[in-house]
Amino acid sequence: MKRSTLLTSIGTLLLSQLSYGAAFQFYELGTPVVGTADVGQAALANDASTAYFNPAGMAALPSSEFMLGAQMLLPYIHFSANSSTTMSGNNGGNAGLFTPGIDGYYVYSHSSNLKFGISLTTPYAGVLNYNNHWVGRYNVQQMTMYTLNLNPAMAYQLNDWIALGGGFSVEYANFSQSVAIPISATEDGQATLKLSNVASGFNVGILLTPYRTTKMGIAYRSQIKHDLTGDIDFMNITTAPAANTKMIMPANVIASISQLVTNKLTVLGELGWSNWSSMVDTVVNVLGYTAVTPLNWHDTYRVGLGGQYKALPSLLLQAGISYDSSPTTRSRRLPDLPMDRQIRVGAGLAYEVMHAVTLGASYEYLNFGSAPIQTTSSYGTLAGSYARNFTNVFQLSMNVVC
């Protein structure tokens with residue numbers, strides 16, 4: 001292919017309005033808190049996963065602990081175009097793919113007051129696979145994005161009711177996205193963008209225990225900015241030029257409370273905030289071309305209520321519901337992040353099979369809303385919403401007291 005034709009194709013690609021905020025922020029990290037719809041994550045402090053959710057909570061653990069957790073996501077993401085769509089194609093089928101994950105947590109008890117911990121998690125991820133003939137193929141066909149976050153941390157018990165904690169994160173981000181490029185009236189090519197980066201951030205937390213029956217936790221996680229670099233592979237186009245862009249993982253704050261009401265019943269509450277307004281736009285650089293996609297996202301807010309019931313000395317039942325607001329609107333939303341407001345409903349159990357080993361199993365229904373889209377590019381207008389837009393989350397874990 002001639003260089004001028006290649007540059008034209010690249011320019012067309014950049015005008016297709018790729019979005020690089022394309023990653024769901026997950027609280028579902030293989031831990032039993034999935035069973036409370038992730039409510040209470042900053043205050044529970046009852047297993048090794050607190051090393052990630054609120055490092056101050058490690059001070060509440062009487063000994064060293066290790067947790068290995070797994071989650072399986074089974075999503076259903078079905079787009080339905082409306083009469084305002086001017087592009088040809090079908091509705092894309094189920095764009096959701098089965099997605100497994102494994103996470104690990106360890107807390108080392110140096111003394112009664114000083115604890116060290118480390119976690120390895122995947123806090124941001126997204127996998128989409130629309131079929132090749134779907135109406136929005138010039139926006140996205142396939143997308144895979146994930147992060148791996150290694151988070152060492154420490155905690156110190158200041159006095160009977162205040163514990164402080166903090167840590168730093170080293171995070172690897174990997175992003176790939178394929179879009180169709182029209183070559184002729186009857187034939188499409190394809191461009192696949194492959195980018196990666198390593199960046200760092202930090203987290204801090206506090207755990208307050210003003211009464212024996214009350215725990216209150218506040219956890220802050222800093223923004224991580226990824227300067228992603230890589231290249232673009234073209235199908236039916238021979239050259240693979242270098243590319244770069246930025247992706248921001250927003251700062252967020254979670255405040256949780258755990259209140260023992262009776263000897264068997266604990267009530268959980270949660271408020272949260274995420275700084276998604278940091279996603280102002282995306283700027284993509286390819287072979288001297290620069291494309292800017294305005295996003296103008298806004299901050300999101302979270303509220304949740306849950307409970308735990310000690311049915312037997314060795315059996316804990318739990319359930320919860322939570323709500324997260326949407327970071328964007330119909331006119332700004334793109335089909336590589338079909339996320340609206342989020343509603344989570346969870347239920348699960350933790351069973352102590354022996355004195356040092358507790359097994360957890362949970363289920364969560366996570367609904368991403370109808371996620372309406374109304375976006376116009378050089379190819380035409382893509383308009384519609386998602387008739388089915390949810391995922392089933394299955395969680396299993398084992399926590400071992402060392």
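Taking CD of Q374 as the reference point, atom OG of S331 lies at 9.0 Å (rounded to 0.5 Å). Here the OG-CD1 distance, from S200 to I224, works out to 7.0 Å after rounding to the nearest 0.5 Å. The CG atom of N90 sits 4.0 Å away from the CG atom of N131 when rounded to the nearest 0.5 Å.
Residue pairs meeting the ring pair (Phe, Tyr, Trp, His ring centres under 6.0 Å) criterion with at least one partner in residues 51-76, sequence neighbours excluded, are Y76-F390. Residue pairs meeting the salt bridge (charged side-chain N to carboxylate O under 4.0 Å, His left out) criterion with at least one member in residues 85-100, sequence neighbours excluded, do not occur. The salt bridge (charged side-chain N to carboxylate O under 4.0 Å, His left out) pairs that include a residue from residues 25-46 are E28-R344, D38-R344, where partners are two or more places apart or lie in different chains.
Checked by atom type, the side-chain pair Y365/N367 shows a donor-acceptor distance below 3.5 Å. Between the side chains of S49 and D47, at least one donor N or O lies within less than 3.5 Å of an accepting N or O. Side-chain polar atoms of N149 and S169 form a donor-acceptor pair below 3.5 angstrom.
Minimum heavy-atom separation, V39 to S322: CG2-CB, 3.9 Å.
Q259 pairs by the side-chain hydrogen bond (donor to acceptor under 3.5 Å, both in side chains) definition with T213, T214, not counting sequence neighbours. Under the rule for a ring-ring contact (aromatic ring centres under 6.0 Å, His included), F98 has no partner lying at least two apart in sequence or in another chain. Taking Q142 as the reference, N129 meet the side-chain hydrogen bond (donor to acceptor under 3.5 Å, both in side chains) condition, with sequence neighbours excluded.
The environment of I218 atom CD1 is sparse: at most 12 non-hydrogen atoms of other residues, nucleotides or ligands sit within 6.0 angstrom. Crowding of I102 atom CD1: a count of heavy atoms from other residues, nucleotides or ligands under 6.0 Å not exceeding 12. For CG of N263, the number of neighbouring non-hydrogen atoms (other residues, nucleotides, ligands) closer than 6.0 Å is 12 at most.
For the pair S222 (side chain) and F202 (backbone), a donor-acceptor distance under 3.5 Å is present.
Aromatic ring pairs are classed by plane angle as parallel below 30°, tilted from 30° to 60° and perpendicular above 60°; the pair F79 and Y386 is perpendicular.
The residue from S325, S277, S278 that alone fulfils the side-chain hydrogen bond (donor to acceptor under 3.5 Å, both in side chains) condition with D299 is S277.
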